[in-house]
Amino acid sequence: MKKTVLVSGGAGFIGSHVSVELAQAGYDVLIADNMSNCDETNYNGVCKILGYAPEFVKMDFCDSEAVDRLFAGHKIDAVIHFAAYKAVGESVAQPLMYYRNNLLSFMNVIEAARKNGGCNVLFSSSATVYGEAEDLPVTEKTGRKPSTSPYGNTKQISEDILRDCVKAYPEIKGIALRYFNPIGAHPSALIGELPRGVPNNLVPFITQTAIGKRECLSIFGKDYPTEDGTCLRDYIDVVDLAKAHVCAVTRMIEGKMKADYEIYNIGTGRPVSVLELVNSFEKVNSLKLNYKFVDRRPGDVVSIYGSPALANEELGWKAERSVEETLAAAWAWEKALAGKN
Ligand code: UFG
């Protein structure tokens with residue numbers, strides 16, 4: 001019997017890649033999304049890659065009755081919860097919107113899972129919980145820092161909700177994956193990142209500049225205490241990241257967890273500066289990017305990269321794609337999008 005995995009927010013950037021990898025690993029995928037931050041492009045891409053249409057439910061995870069109906073109507077073996085807002089700046093301007101959406105939806109998922117016989121819950125967390133860490137690379141034992149944005153705070157609180165729930169409710173098991181900086185796109189160029197409006201993140205800004213949608217990339221800060229003066233990040237390929245979810249879900253479903261709640265860093269362990277990333281993008285795609293240095297962006301940490309050793313060992317997962325391959329995929333996706341417009 002195939003096991004079923006519910007992917008909340010499954011039409012989004014990471015959710016769509018995870019849906020593909022899960023289906024290709026033999027899971028039945030149930031995709032649910034309220035489409036508040038995406039259109040149908042990625043879901044259609046998932047269907048094309050797989051050659052069939054996984055079940056899709058349009059719904060809002062803040063609607064507790066709808067979530068309950070979903071769980072009551074399907075035998076769900078694991079749920080991966082992506083459905084959340086993710087823009088740091090917007091969360092500072094609209095904290096209530098973030099707390100309500102991100103926390104309520106997650107509590108509704110856990111509550112419905114409990115009511116319907118229990119479930120394995122995988123939460124999509126972020127390296128943002130580490131803040132500006134003193135010792136790098138960070139490991140899962142590195143302490144969390146008080147969050148500097150409501151967005152980051154919702155990640156911390158959601159981790160705590162899951163930790164407390166697995167303690168109280170034996171029918172719930174949980175894993176939190178802390179992602180570093182997910183970038184790239186599926187090698188088919190059928191799914192990828194679709195930012196609305198002006199991108200906040202580096203790679204979509206780079207690809208949109210290269211295609212001519214943006215005039216010039218602003219590199220935020222050139223006087224950081226790093227070798228080339230720009231910030232260091234741990235960029236993780238989105239397909240590699242998706243595969244980590246398959247490993248984590250399988251670990252839960254097969255009952256191989258060593259504790260009822262586990263946390264894993266999902267990154268490469270390899271720090272890359274903003275300038276290095278820009279240079280690699282230019283090189284691998286044989287083009288010149290229009291960029292300039294501007295002031296630092298408020299709230300940016302200088303350096304953050306993580307040790308993936310625990311995930312390597314316990315999940316049997318390892319990041320495989322090089323930054324160059326990932327940047328080539330991101331560019332192929334941007335070009336594919338331009339072809340559609
Ligand atoms: N950057 C630029 N120019 C841009 C955009 C970004 O120079 O136009 C720089 C940033 O200053 C930073 C690096 O590129 O040094 C990466 O920035 P991103 O916005 O792509 O990613 P962040 O590291 O800021 O944020 C990511 C996730 C957040 C998460 C955060 C915490 O997008 O959701 O990591 O780890 F909260």
Side-chain angles (χ1 to χ4, degrees), residues 9 12-14 37 82 84-92 98 102 123-133 136-138 142 144-159 176-184 193-210 213-238 241 265-268 270-281 289-306 323 326-327 330:
F13 171 44
I14 303 175
N37 201 26
F82 290 109
Y85 296 147
K86 59 167 192 175
V88 178
E90 185 183 56
S91 80
V92 174
Y98 271 68
N102 291 9
F123 176 63
S124 155
S125 191
S126 164
T128 193
V129 302
Y130 295 116
E132 183 91 70
L136 293 169
V138 290
T142 303
R144 300 185 318 188
K145 285 272 172 68
S147 187
T148 52
S149 74
Y151 157 77
N153 214 14
T154 65
K155 291 294 178 196
Q156 297 210 0
I157 298 169
S158 296
E159 285 190 354
L177 298 184
R178 292 177 176 162
Y179 316 150
F180 285 77
N181 287 55
I183 61 166
E193 202 163 359
L194 274 169
R196 290 215 161 146
V198 182
N200 290 310
N201 297 115
L202 180 58
V203 169
F205 209 106
I206 289 177
T207 56
Q208 290 196 5
T209 305
K213 250 175 144 175
R214 311 275 155 213
E215 213 163 284
C216 182
L217 167 74
S218 294
I219 296 185
F220 300 131
K222 63 167 179 184
D223 57 352
Y224 282 104
T226 59
E227 215 162 282
D228 64 20
T230 65
C231 292
L232 299 176
R233 293 289 183 275
D234 183 341
Y235 296 95
I236 172 81
D237 182 273
V238 67
L241 174 67
N265 282 344
I266 304 297
T268 65
R270 183 182 57 205
V272 173
S273 77
V274 175
L275 200 55
E276 279 174 321
L277 199 84
V278 167
N279 290 338
S280 300
F281 180 84
L289 197 70
N290 197 14
Y291 67 85
K292 62 178 180 205
F293 290 97
V294 301
D295 285 347
R296 293 179 177 193
R297 182 171 69 175
D300 272 341
V301 300
V302 182
S303 301
I304 182 78
Y305 53 97
V323 168
T326 304
L327 292 172

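In each ligand, atom 1 is the first atom listed, and ligand 1 is the first ligand listed. Hydrogens, waters and symmetry mates play no part in the numbers below; they use all other heavy atoms, side chains included. The chain is numbered in sequence order, starting from 1. In this text the structure is predicted, and so the values were computed from the model without any measurement.
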Run the side chain to side chain contact (heavy atoms under 4.5 Å, CB included) test against Ser303 and tell me which residues pass, sequence neighbours left out.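 With neighbours one apart ignored, the set is Leu136, Thr226, Leu232.
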For [atom], closest protein heavy-atom neighbour:
atom                    : value
atom 11 (O) of ligand 1 : Asp300 OD2, 2.5 Å
atom 15 (O) of ligand 1 : Cys231 CB, 3.1 Å
atom 3 (N) of ligand 1  : Ser218 O, 2.7 Å
atom 23 (O) of ligand 1 : Arg233 NE, 2.7 Å
atom 33 (O) of ligand 1 : Tyr151 OH, 3.2 Å
atom 17 (O) of ligand 1 : Arg297 NH2, 3.4 Å
atom 9 (C) of ligand 1  : Val274 CG2, 3.9 Å

Using heavy-atom distances, let me know which of [options] sits nearest [atom].
atom                    : options                        : answer
atom 16 (C) of ligand 1 : Tyr224, Tyr235, Phe220, Tyr130 : Tyr235
atom 18 (P) of ligand 1 : Ile219, Thr226, Asn201, Thr148 : Asn201
atom 26 (C) of ligand 1 : Val272, Thr128, Val301, Asn181 : Asn181

Who are the side chain to side chain donor-acceptor pair (under 3.5 Å) partners of Arg233, not counting sequence neighbours?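 Side chain to side chain donor-acceptor pair (under 3.5 Å) check on Arg233 returns nothing, list empty.
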Ligand 1 contact on [X] by region, counting heavy-atom pairs under 4.0 Å:
X      : result
Val203 : neither
Leu202 : both
Phe293 : neither

Geometry only, no angles: is Ser126 polar-contacting ligand 1 at N/O separations under 3.5 Å?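 Between Ser126 and ligand 1 (N or O atoms, distance only) the closest approach is not under 3.5 Å.
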